[in-house]
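Have a look at the structure below, then the notes.
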Amino acid sequence: STINTIVETQGIFVHLNQSLQYLKNSLLPVIVYETARLLQQYKELNAYFTGDAVAYYKEVNIGFAIDIDKGLKVLRVKSAVSKTVKEVEDDIMALSNRYLDDCLQIEDLTDISFTITDLSSEGVSFFRPLVNMMNSAILGVSSIDEKLQRCVLSVTFDHRVTEGKLVAQFLT
C-alpha cells in the first residue's frame, strides 16, 4: 500500500540552504536526516519480512536512489542517524561522485535499511515507489509545485511488517 501526504514548502529553502553547500534547493539531505531520526521511533519501517518473521535492523542506513544515465542504483548513507545535515549532504555528494566515476564499492550499495527515491527534479507531481528487497518501506519525494508551494511525500510499505496507521504517523 502507499500513503501520501502534502508538505508545504513555502520559504523552506531560506533556512535549508544555510546548512547546504552543494545541494541548494534540494530536499534530499534534510529528508535523509529527518527520516533517519524518525526510523529510530518507527522501527517497523527499518525492518523487512524474512518469509517467516520480521527482522529489525540494528542500524539506520538510508539508501537513496540515483539514476544519472548510468543505471539505477541505491546508494547507502551509513549510520545516517549520527550525522548532521551537512554530513549527510557530504555523503550524498561523495557517493554520487563515485557513481558518476564508476568507482562504487560493494559497501556503498549494501546493508540499506530504508530507501528514499527523490524524483523532485523530474517534474513528477505524484508517484508510487516500489519497496526494495530487504526493506519494509520506501519514501518517494515528488517535485515541488512552485505555484502551490508544496510537494507530495509517498510511503509504500509492506503490510506483512506494518500497517497504514503507523505509516501515516511516520509521515506526519
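Because the structure is predicted, anything quoted here is derived from the model rather than measured.
Nearest heavy atoms, Gln18 versus Val14: NE2-O, 3.3 Å. The two residues Ala47 and Val54 make their nearest non-hydrogen contact at CB-CG1, 3.9 Å. A pairwise comparison of heavy atoms in Ala65 and Leu72 identifies CB-CD1, 4.0 Å as the closest pair.
We find the NZ-OG distance between Lys43 and Ser113 to be 11.0 Å, quoted to the nearest 0.5 Å. Atom OG1 of Thr35 is separated from atom OH of Tyr42 by 12.0 Å, given to the nearest 0.5 angstrom. With rounding to the nearest 0.5 angstrom, the CG atom of Asp101 is 10.5 Å from the OG atom of Ser96. Between the OH atom in Tyr33 and the CG atom in Leu28 there is a gap of 15.0 Å [rounded to 0.5 Å]. Rounding to the nearest 0.5 angstrom, the gap separating the OG atom in Ser125 from the CG atom in Leu119 is 11.0 Å. Note that the CG atom of Asn46 and the CD atom of Gln41 stand 13.0 Å from one another [nearest 0.5 Å].
A tilted orientation is assigned to the rings of Tyr48 and Tyr57, their planes being inclined by 30° to 60°.
Within the 3.5 Å criterion, the main-chain N or O of Ser143 finds no donor-acceptor partner in the side chain of Ser120. Between the Lys24 side chain and the Gln21 main chain, no donor and acceptor come within less than 3.5 Å of each other. For the pair Thr9 (side chain) and Gln149 (backbone), a donor-acceptor distance under 3.5 Å is present. Proximity of a side-chain donor or acceptor of Asp108 to a complementary backbone N or O of Gln105 within less than 3.5 Å is detected. In this structure a side-chain-to-backbone donor-acceptor pair under 3.5 Å is present from Asp145 to Leu148. Remark: side-chain polar atoms of Thr156 are paired, donor with acceptor, to backbone N or O of Pro129 under 3.5 angstrom. Here the side chain of Tyr99 pairs a donor or acceptor atom with the backbone of Ile68 at under 3.5 angstrom.
Contact annotation: the side chain of Val74 never approaches that of Leu109 to less than 4.5 Å [non-hydrogen atoms, C-beta and beyond]. For the pair Val7 and Leu27, the minimum side-chain heavy-atom distance is 4.5 Å or more. In this structure the side chain of Phe13 reaches within 4.5 angstrom of the side chain of Ile144, judged on heavy atoms. Tyr56 has its side chain within reach of Glu44: a pair of non-hydrogen atoms, C-beta onward, lies under 4.5 Å apart. Contact annotation: the side chain of Phe64 never approaches that of Asp118 to less than 4.5 Å [non-hydrogen atoms, C-beta and beyond]. The side-chain heavy atoms of Pro29 and Leu20, taken from C-beta on, include a pair separated by under 4.5 Å.
Cluster membership for Val60 and Val155, using ILVMFWY side-chain heavy atoms within less than 4.5 angstrom, is shared. Clustering ILVMFWY residues whenever any of their side-chain heavy atoms sit less than 4.5 angstrom apart, transitively, puts Ile12 in the very cluster that holds Leu171. No path of Ile, Leu, Val, Met, Phe, Trp and Tyr side chains, each step under 4.5 Å between heavy atoms, connects Ile112 with Leu139, placing them in separate hydrophobic clusters. In the hydrophobic cluster analysis, where Ile, Leu, Val, Met, Phe, Trp and Tyr join through side-chain heavy atoms closer than 4.5 angstrom, Ile92 is grouped together with Leu100. By the rule that hydrophobic residues join a cluster once side-chain heavy atoms approach within less than 4.5 Å of another member, Leu38 and Ile62 end up as members of one cluster.
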* Checking side chain to side chain contact (heavy atoms under 4.5 Å, CB included) for the pair Leu166/Leu45: CA distance, chi angles, key distance, verdict? -> CA-CA 9 Å; Leu166 183 120; Leu45 301 180; 4.0 Å; yes
* Going through the checks in order, is the side chain to side chain contact (heavy atoms under 4.5 Å, CB included) test met by Leu23 and Met93? -> CA-CA 8 Å; Leu23 298 171; Met93 289 303 298; 3.8 Å; yes
* CA sep, side-chain torsions, deciding dist, call: Leu39, Val81, side chain to side chain contact (heavy atoms under 4.5 Å, CB included) -> CA-CA 9 Å; Leu39 288 173; Val81 74; over 6 Å; no
* To do: Apply side-chain hydrogen bond (donor to acceptor under 3.5 Å, both in side chains) to the pair Asn4 and Ser154, showing each step before the final yes or no.
  => CA-CA 4 Å; Asn4 313 291; Ser154 304; 2.6 Å; yes
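Among residues two or more places apart in sequence or in another chain, the salt bridge (charged side-chain N to carboxylate O under 4.0 Å, His left out) test is passed with Asp158 by Arg160.
Within a 6.0 Å radius of CD in Glu107, more than 12 heavy atoms belonging to other residues, nucleotides or ligands are found. Residue Leu130 places its CG atom among 12 or fewer non-hydrogen atoms of other residues, nucleotides or ligands, all under 6.0 Å distant.
Annotation: Phe157 is in aromatic contact with His159 [ring centroid separation under 6.0 Å].
Checked for salt-bridge contact, Glu34 and Arg37 miss the test: no charged N lies under 4.0 Å from a carboxylate O.
In summary, of the residues considered (Ile116, Val131, Thr2), a side-chain contact (heavy atoms from CB on, under 4.5 Å) with Ile138 occurs for Val131 alone.
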